[in-house]
2 protein chains.
Amino acid sequence: MAQDARSGGEALLFLTDEQLRKGIEAMFFAYRGFTADPDRILQQYGYGRAHHRAVHFIHRSPGTTVNNLLGILGVTKQSLNRVLRTLIEDGLVESRVGTRDKRERHLFLTEAGIALERELSDAQRKRMRDAYRAVGPDAVAGFRKVLEAMMEPEYRRYFKSLKEGE
Amino acid sequence: MAQDARSGGEALLFLTDEQLRKGIEAMFFAYRGFTADPDRILQQYGYGRAHHRAVHFIHRSPGTTVNNLLGILGVTKQSLNRVLRTLIEDGLVESRVGTRDKRERHLFLTEAGIALERELSDAQRKRMRDAYRAVGPDAVAGFRKVLEAMMEPEYRRYFKSLKEGE
DNA sequence: ATTTTACGTCAGTGTTGTTGACATTCCAAG
DNA sequence: CTTGGAATGTCAACAACACTGACGTAAAAT
């Protein structure tokens with residue numbers, strides 16, 4: 001299991017256990033930075049990350065159903081429901097009964113919901129844009145490649161199915 | 001704020017709002033993949049991510065104090081204390097009163113703690129190694145650059161201060 | 001001697017995950 | 001057409017883990 005740094009040439013150096021450990025820690029600290037700005041904003045509204053995720057993916061796919069969202073977010077429907085309920089009560093999300101299948105609820109952001117989504121994603125995009133600018137396009141391409149390779153296959157498929165601009 | 005894709009040349013394409021949004025989603029899905037294996041293992045022991053983080057950084061810096069850990073993990077002492085207490089009770093972590101400063105508690109992993117840490121980090125390293133292998137060293141270098149750029153400055157300083165193999 | 005630091009603990013609260021029970025709707029087999 | 005099961009979503013209760021605030025102890029610093 002352990003690959004010794006002494007035995008690794010340049011081409012393998014990035015695969016030593018300690019290099020990998022450093023990569024793990026990089027993910028940990030980076031993800032915290034990545035969520036820091038939205039977390040601050042959400043706190044002002046009394047929301048948490050779960051609300052952010054819901055708002056984000058409803059914005060990404062307006063009219064999506066609760067079941068769809070469940071699959072993407074990877075949580076139980078009960079957990080998602082609590083979040084959706086508060087968002088609906090607060091007038092950020094609208095839930096419309098399906099026309100073809102009345103069991104389904106189609107979810108849409110209201111004007112207020114769109115405004116919150118923009119506030120959150122502006123902050124998060126700014127951090128990502130600054131990071132991208134600091135490192136250049138080649139590094140960004142590598143970044144995206146590694147992230148995709150790290151996803152669980154089912155979600156990687158979903159991720160790749162998203163058009164770059166939809 | 002919005003940069004239109006139509007106006008962006010090749011060099012700027014990766015900075016459009018939609019490209020950035022895709023990057024945000026990549027982080028979300030990748031981080032979940034990144035934590036999936038340890039989460040499964042931790043569940044068998046009745047632990048959570050908080051325990052994982054504590055065990056990881058105690059292993060990284062044996063003899064670290066509670067206050068040190070607090071700063072690295074970015075949680076309150078009450079929150080960390082709950083986790084440490086269970087780890088100590090279960091015999092995974094040892095807390096030794098400081099010799100120079102008797103107010104401090106120095107934290108060490110026991111044999112059992114080292115075993116759990118290895119089980120967790122083996123799983124996580126395997127995923128990262130597979131991802132690295134799939135994309136090659138150049139992509140990995142870019143990955144690391146972007147992650148570093150995304151960290152909060154204070155943690156980036158700490159991260160960079162860690163030797164690659166300590 | 002007083003203040004500050006390091007650590008631990010108790011109590012209370014909020015977000016977010018879980019399971020269990022239940023209502024509604026759709027669909028297909030009898 | 002009716003009935004039973006599957007799918008969708010809601011409500012209630014509980015657990016994990018974060019937070020704040022208050023308090024106590026011991027030791028170091030001033």
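Hydrogens, waters and symmetry mates are skipped; everything else that's a heavy atom, side chains included, is used. It should be emphasised that the depicted structure is a prediction, and the values quoted were computed from it without experimental measurement. Numbers restart at 1 for each chain; the letters A, B, ... are given by sequence-line order, proteins then strands.
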How long is the line joining CG of B/L107 and C1' of C/dA6, in whole Å?
-> 12 Å
Under the criterion side-chain hydrogen bond (donor to acceptor under 3.5 Å, both in side chains), which of A/R49, A/H52, A/R127, A/Q124 is the partner of A/T35?
-> A/R49
Please examine the side chains of A/S79 and A/R82, heavy atoms only from C-beta on, and report whether any two atoms are closer than 4.5 Å.
-> yes
Distance, rounded to the nearest Å, where A/L42 contributes CG and C/dT15 contributes P | 11 Å
Comparing A/R85 with B/T76, nearest DNA chain D nucleotide closer to 5' gives the residue A/R85
Whole-Å distance between D/dG9 P and A/R103 CZ?
-> 9 Å
Round to the nearest Å and state the distance from A/L70 atom CG to D/dG9 atom P.
-> 8 Å
When all nucleic acid strands are considered with a 4.0 Å heavy-atom cut-off, which category describes B/G46: base, sugar-phosphate, or nothing?
-> nothing
Could you tell me whether the phosphate oxygens of C/dT5, OP1 or OP2, come under 4.0 Å of any side-chain nitrogen or oxygen in B/N67?
-> no
Residue B/H51, side-chain atoms from C-beta onward, closest of C/dC7, D/dC17, C/dT25 = D/dC17
Nearest-angstrom distance from the residue atom CG of A/L84 to C1' of C/dT16 = 13 Å
Residue met sooner reading DNA chain C from 5', once B/R105 and A/G48 are mapped to nucleotides | B/R105
Verify the contact: side-chain N or O of A/R53 to OP1 or OP2 of C/dG17, cut-off strictly under 4.0 Å; return yes or no.
-> yes
What integer distance in Å separates A/Y47:OH from D/dA18:C1'?
-> 20 Å
What nucleotide, of D/dA22, C/dT19, D/dT8, holds the atom closest to the side chain of A/Q78?
-> C/dT19
Phosphate contact (D/dG9 OP1 or OP2) by A/N81 side-chain N/O below 4.0 Å = no
Please work out whether the ring planes of A/Y47 and A/Y45 are parallel, tilted or perpendicular, with thresholds of 30° and 60°.
-> parallel
Applying side-chain contact (heavy atoms from CB on, under 4.5 Å), run through B/M128 and B/F34 and close with a yes or a no.
-> CA-CA 8 Å; B/M128 189 152 287; B/F34 171 70; 3.8 Å; yes
Among B/F159, B/F57, B/Y158, ring-ring contact (aromatic ring centres under 6.0 Å, His included) partner for A/F28 | B/F57
Nearest-angstrom distance from the residue atom CG of A/D39 to P of C/dG14 | 18 Å
So what does A/R82 hit on the nucleic acid, given a heavy-atom distance under 4.0 Å: a base, only sugar-phosphate, or nothing?
-> base
Closest nucleotide among D/dT10, D/dA27, C/dT25 to the A/K77 side chain | D/dT10
Write down the distance between CZ (A/R100) and P (C/dT25), rounded to a whole number of angstrom.
-> 18 Å
